[in-house]
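First the proteins, then the strands, lettered A, B, ... as listed; each starts at 1. Predicted model only: the values in this text are computed from it and were never measured.
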Amino acid sequence: RKEVEQDPGPFNVPEGATVAFNCTYSNSASQSFFWYRQDCRKEPKLLMSVYSSGNEDGRFTAQLNRASQYISLLIRDSKLSDSATYLCVVIPPKGNFNKFYFGSGTKLNVKP
Amino acid sequence: EPEVTQTPSHQVTQMGQEVILRCVPISNHLYFYWYRQILGQKVEFLVSFYNNEISEKSEIFDDQFSVERPDGSNFTLKIRSTKLEDSAMYFCASSNRRGTDTQYFGPGTRLTVL
């Protein structure tokens, strides 16, 4: 089983739509979670950390469900500039604390 | 805003040749990483480096790979004898603390092995 799994998409949505992505992880003791976005042929850029209590940053909301081992990202009022690949990142338990495990990414296309 | 820089942006080499990819991490960061991304695939961890030594490496990081921090600012990845399958985007990253801290990525070096 892969450490981190994401639906590759693409998700094709109109401007203004609300869209949600999920990501599942295999190691229940994983300790930290992030969402990064990656534009075509560019580096991953931090979108937001994911806290146990859930967190919101403007139009973006991230949630963690430890019982079901998934994290989610909700984007409200989608903009054309939100078109990108969204990468789920998990840090495994202590002992492997230095490396990020990346999901394969979920591609989002926001259309006018 | 401080950022990670990488040079060159694109490197083309012949199979069997040695390449050195260079990175300048964010200046007050202490933890350094290399990742690679083969075209169309996910980002994969290669190695992490702290206090002038490797702290963890993946199974990809075999004897053909090495890392070095030759001075106070640069962090390099060397591939001794490149293979076709080494063609990928190589990202350097750095973080201020270990463990759960955010990693900041450089723009990457696209390596093409012919």
**Study point:** Centroid separation A:Y25 to A:Y101 less than 6.0 Å
**Key:** no
Non-hydrogen atoms of chain B under 4.5 Å away: do they reach the side chain of [X], the backbone, both or neither?
X: A:Q38; value: side chain
X: A:S104; value: both
X: A:Y36; value: side chain

Review point. Is the count of non-hydrogen atoms from other residues, nucleotides or ligands lying under 6.0 Å from B:N28 atom CG greater than 12?
Key: yes
Exercise for review: Evaluate whether atom CD of A:Q63 has more than 12 neighbouring non-hydrogen atoms of other residues, nucleotides or ligands under 6.0 angstrom away.
Suggested key: no
Practice item. If the plane angle is over 60° it's perpendicular, under 30° parallel, otherwise tilted; pick one for B:Y33 and B:Y35. Key: tilted
Check your understanding: Do A:K99 and B:S48 come close enough that some side-chain heavy atom pair is under 4.5 Å?
Key -> no
Between [X] and chain A, with a heavy-atom cut-off of 4.5 Å, which part of the residue counts as in contact: side chain, backbone, both or neither?
X: B:F105; result: both
X: B:L39; result: side chain
X: B:Q37; result: side chain

